[in-house]
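Chain naming here is simple, since letters A, B, ... match the order of the sequence lines and numbering starts at 1 in each.
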Amino acid sequence: MQSHQKEHLYKILVIGDLGVGKTSIIKRYVHQNFSPHYRATIGVDFALKVLSWDSDTVVRLQLWDIAGQERFGNMTRVYYREAVGAFIVFDVTRPATFEAVAKWKEDLDSKLTLANGVPVSAVLLANKCDQGKDNFKNHFTKMDQFCKEHGFVAWYETSAKENINIDEASRCLVSHIIASESDQMQPVEPDIVKPQILNSSKIASCSACFKS
Amino acid sequence: MADDLPTEFDVVILGTGLPESIIAAACTRIGQRVLHIDARNYYGGNWASFTFSGLQTWIENCKQELNTELAAACKGQALDNEEIIPFNKRNQTIQNIEVFCYSSTEDGEAVEEAGALNINSALLTTVTSSDGQENSSIDISKNHTSTEQNDSPEGRSDLEEATNSDQRSADSTLETGTIVEVEPSLTQAIQQDSPKTITYSQIVKEGRRFNVDLVSKFLYSRGLLIELLIKSNVSRYTEFKNVTRILTYHNGKIEQVPCSRADVFASKQLSMVEKRILMKFLMHYIDYELHPEDYQDYENSTFLEFLKSKQLTPTLQHFVLYSIAMVPENAKTIEGLKAMQHFLRCLGRYGNTPFLFPMYGLGEIPQCFCRMCAVFGGVYCLHHSLECLVVDGDSKLCKAVIDHRGKRVDCKYVIVEDSYLPEQICANVSYKQISRAVLITDCSILNTESNQEISVLTFPPADKGQTAVYITELCSSTMTCMKNTYLVHLTCSSTKPTAKEDLEPVVQQLFTLSTENDIEANDRTKPKVLWALYFNMRDSSGVPRQSYAGLPPNVYVCSGPDHCFGNDHAVQQAENLFHELYPSEEFCPPAPNPEDIIYDGECAQQEPSESSIPVDSKAEASAENETVVESYEDSEAQKAE
C-alpha cells in the first residue's frame with residue numbers, strides 16, 4: 001500500500017425484516033459464498049470489506065448486520081451511531097417485507113442523520129430476484145417512484161444466491177457517501193477517550209497524578 | 001411481529017437498566033439463550049436518556065395510570081398445579097415531576113423538534129414574574145386528572161396509542177420535510193452572539209441535540225464500570241469525554257479544586273504553605289495502608305476530625321472532604337481515606353480529573369451491553385410487557401412467564417427490575433428517594449476561556465441532616481445539549497417531601513431564575529436557567545432480597561439506580577447475580593474484535609481489492625456453510641499456530 005493513499009472507513013447498516021437475506025448478502029459480498037441454510041450470525045458486530053476504490057483511495061466498509069436478534073426493530077443507538085449509509089433489504093417473494101421497507105426507512109431517518117442534519121444515503125435492495133422475478137417485473141416504474149418518495153438514492157434487484165447486482169449496489173452507495181462527504185467535511189470531535197485493553201500503556205509518571 | 005418468539009429460553013430478563021443489561025450480555029457470552037424485555041418503548045428504564053421531545057413524552061408517560069388487572073389470556077396459559085404471580089404494570093418509581101420554563105416562548109407556538117416529536121404544550125409553563133413562580137408551576141399529577149379525563153379507561157392501550165402517535169407524528173414530520181429546517185436553525189444558533197437570546201422554540205427545534213439522562217453519574221477512570229467495559233470489550237461501543245474540572249462551593253464562591261499535582265502548583269486560591277501541606281498530605285495518604293500508625297487513633301472518628309488533626313486549613317479540609325473524597329461530613333476516617341485513595345488513583349489515567357463522561361449521555365451504557373447481548377444471540381423485545389410469572393405448585397420454582405399477548409415462554413431463571421414486582425411481594429419494603437433536577441442553562445457556572453468544560457461540583461449540605469448535592473455541568477461537545485447551552489444535573493438523597501424542595505435552594509444560589517425581561521436578567525454573574533425539571537426517583541439499591549415476600553428462588557431482583565456518584569453498585573450487583581446463576585462461569589469474558597476478521601479472496605470481484613491481513617485459504621474453504629464466528633475461530637487458531 002502506498003503511503004499517499006487515502007483511506008476511508010464507512011459504517012454501513014444492513015436493515016430489513018427477518019429472513020430477507022441480509023446476512024446472505026453480506027456473506028456473498030464479503031466472503032464470496034452463499035449458504036441456503038439460514039443461521040443467525042453469532043458474535044460478530046460487522047463484516048469488513050476492503051475496496052481499492054481508485055488508485056489513491058482505499059475504502060474500508062463496515063457492514064453492520066442487525067442480525068436476527070434485534071429483529072423486532074429495537075436496535076440500540078450503538079447500532080445507528082456514526083453510520084454513513086444503509087442498505088434496506090426486502091424479499092421480492094414476500095410482499096409483507098416490502099411493506100415494511102417504508103417503516104424501516106422512517107425509523108432509520110428518525111434515528112440517524114449526518115452531522116449537517118441530512119439523512120444518510122440509503123439504497124433499496126430487492127433481494128431473491130432469482131426466485132421472484134415474474135411477480136416483480138410489473139413494478140419497475142413504481143419502484144423508481146417509491147424510491148423518490150422515500151428518499152432512497154437507488155434500488156437494485158439483487159440475488160445473494162446468484163451473486164447479482166450486489167457489487168453494483170455497493171459501488172452506488174459508496175459513491176453517494178463519498179459525494180455527500182465532500183459536500184460537508186464532518187469535523188472530528190477532539191479529545192475523545194476510547195478505553196481499551198491496550199490503552200493502559202500510559203506513562204507511569206506524569207503531572208496529572210500523584211505517583212512519582 | 002413478535003409472534004415468532006421462541007417458546008423457551010434459559011434466562012428471561014425484564015428491564016433494560018444497567019444491571020439487567022450487564023447480566024444479559026454476561027449470560028449470552030457463556031452461550032445462554034436470553035430473552036430481554038422492557039415494557040417501555042426505549043432502552044434503559046430509569047437509566048435512559050432522552051431528546052428534548054423524548055423527555056416530554058417520558059414526563060407524560062410517568063403519569064399514565066396503567067391497568068393493573070390481570071389479562072384474561074394469562075389464566076388460560078397456566079396449568080392446574082401452577083400458580084400465577086402478576087407483574088406490576090405501573091411505574092411508581094418517579095414522582096413529584098415539576099417543569100418550569102424561563103426562556104421566552106413568544107415565538108414558541110407550534111414549533112416542532114426537527115425529525116422526531118411529541119410535545120405536549122400543556123407541560124410548558126412560562127414564568128411571568130419571579131414571585132409568580134410558585135403559582136404558575138404545574139403539578140403534573142393534578143394536571144393529569146384535570147386535562148385528560150376523557151382518556152380511554154384501558155391503561156395499556158392508552159400508552160400504546162401515545163407511542164404510536166409519537167411514531168406517526170415523527171413520520172409525518174419527516175414526510176413534510178422538516179429536516180430542511182434544521183440548517184437554518186442551526187446557523188441561527190451558531191450566530192448567536194449573546195446566549196441570552198435562546199428561546200424555548202430554539203430548544204424545541206434543536207431538541208435532538210439533547211440527551212438528557214434520568215440519572216446523572218460519571219465513571220471513575222479506574223472504577224468497576226470502566227474496568228468491566230474494557231475487560232468485556234463492550235468498550236468498543238463507547239466513547240467518553242474527560243471531565244475537565246472539579247469545582248467546589250466555598251464561602252459563597254465557586255472555585256476550581258486543584259486535584260492533580262500540576263493543578264496544585266498552578267492554583268491561585270492556595271497559599272504556598274497550603275500547596276505544600278496539600279501535596280504532602282495527598283502523596284502520603286494515596287498509600288494510606290502503609291501508614292496505619294498515622295490514622296489508627298482516628299478509626300472511630302470522622303474523616304473530618306482526622307483532617308483537622310493533620311493541620312489542614314479549613315479550605316483544604318473543605319477541598320479534601322467534599323471534592324476529593326466526596327464523602328459526607330459524618331463519614332468515618334477509613335471510608336474517607338479509601339474514597340480519597342480511589343479518587344487519586346483514578347487521576348491521570350485518561351485526563352486530569354478522575355472522571356469520564358459517556359458521549360451522548362450515560363443512557364448509552366446500558367445499550368452498549370444490550371448490543372453485545374444481541375450480537376451474541378440475545379433476543380430483544382421493547383414495548384412488550386409480561387403479565388405474570390408461572391410458579392410450579394410443588395417446587396415453588398418459576399417455570400415460565402406469560403406476556404401481554406398470552407404467549408407462554410418457558411425459562412430456567414427470571415431476572416426482574418424491582419419496579420415490575422407486584423405490591424404483594426413488596427409490601428414490607430421501604431424505599432429511599434433520590435431528588436433530581438435537570439436544568440438547561442445559557443452559560444457555565446464558572447466561566448473560563450473555554451466554553452467546553454465538563455464540571456462536577458459538590459455543593460455542601462446547607463444544614464445538618466441534609467446531604468451534599470452533586471452537580472454535573474455538561475457542555476455541548478458531550479452531545480447532550482445544543483450549542484450555547486449547558487445541561488446541568490443536580491442529584492441528592494431526598495430529605496424533603498419533593499425534589500424541588502430539596503434542590504431549588506441550591507439552584508437559586510447558583511443560577512438566575514427569571515424571565516427574559518426582568519432587570520435581574522442583566523445581572524450576568526450567574527447563569528440563567530432556560531428550562532428546569534424536578535422529579536423524585538425511587539432508590540431501591542439498599543433493599544435486601546429477604547424483604548421481598550414470596551418470590552420464587554429462581555427469580556432474581558435488580559435494583560434501580562442508587563444515589564451515588566459512581567456506578568459501582570450496578571456493576572457489583574450484576575456480577576453477584578450472575579455468579580449466583582452460574583457460579584463456575586467467567587463474568588463477561590472479552591468478545592472477539594470484529595476488526596480482526598478480514599476476509600480475502602477478492603478474485604471473484606470485478607474491482608480489485610486488497611486486505612491488510614492475509615487469511616489462509618484453508619480458513620476460507622472451511623468458512624463455507626459456517627457461521628462467521630466459526631471462521632473467526634479458525635483464523636484465531638491459525639494465528640496461534
Legend entry - Heavy-atom contact with chain B under 4.5 Å, split by part of A/I26: neither

Inset, instruction - Please answer whether the main-chain N or O of A/K194 pairs with a side-chain N or O of B/R236 as donor and acceptor at a distance below 3.5 Å. - result: no

Legend entry - Between A/R77 and B/S49, a side-chain donor and acceptor under 3.5 Å: yes

Legend entry - Side chain to side chain, B/N242 and A/V193, heavy atoms closer than 4.5 Å: yes

Legend entry - Note, B/R208 side chain near A/T113 side chain (heavy atom, < 4.5 Å): yes

Inset, instruction - First locate atom CD1 of A/I192, then atom CG of B/L356, and finally report the distance between them rounded to the nearest 0.5 Å. - result: 12.0 Å

Inset, instruction - Determine whether A/R81 and B/Y360 make a side-chain contact, defined as any pair of heavy atoms from C-beta on separated by less than 4.5 Å. - result: yes

Legend entry - Whether over 12 other heavy atoms sit under 6.0 Å from A/H176 NE2: no

Inset, instruction - Return yes if some donor-acceptor pair links the side-chain N/O of A/T76 with the main-chain N/O of B/R371 below 3.5 Å, else return no. - result: no

Inset, instruction - Among the options B/Q452, B/H36, B/E239, pick out the one with the most heavy-atom pairs lying under 4.5 Å from chain A. - result: B/E239

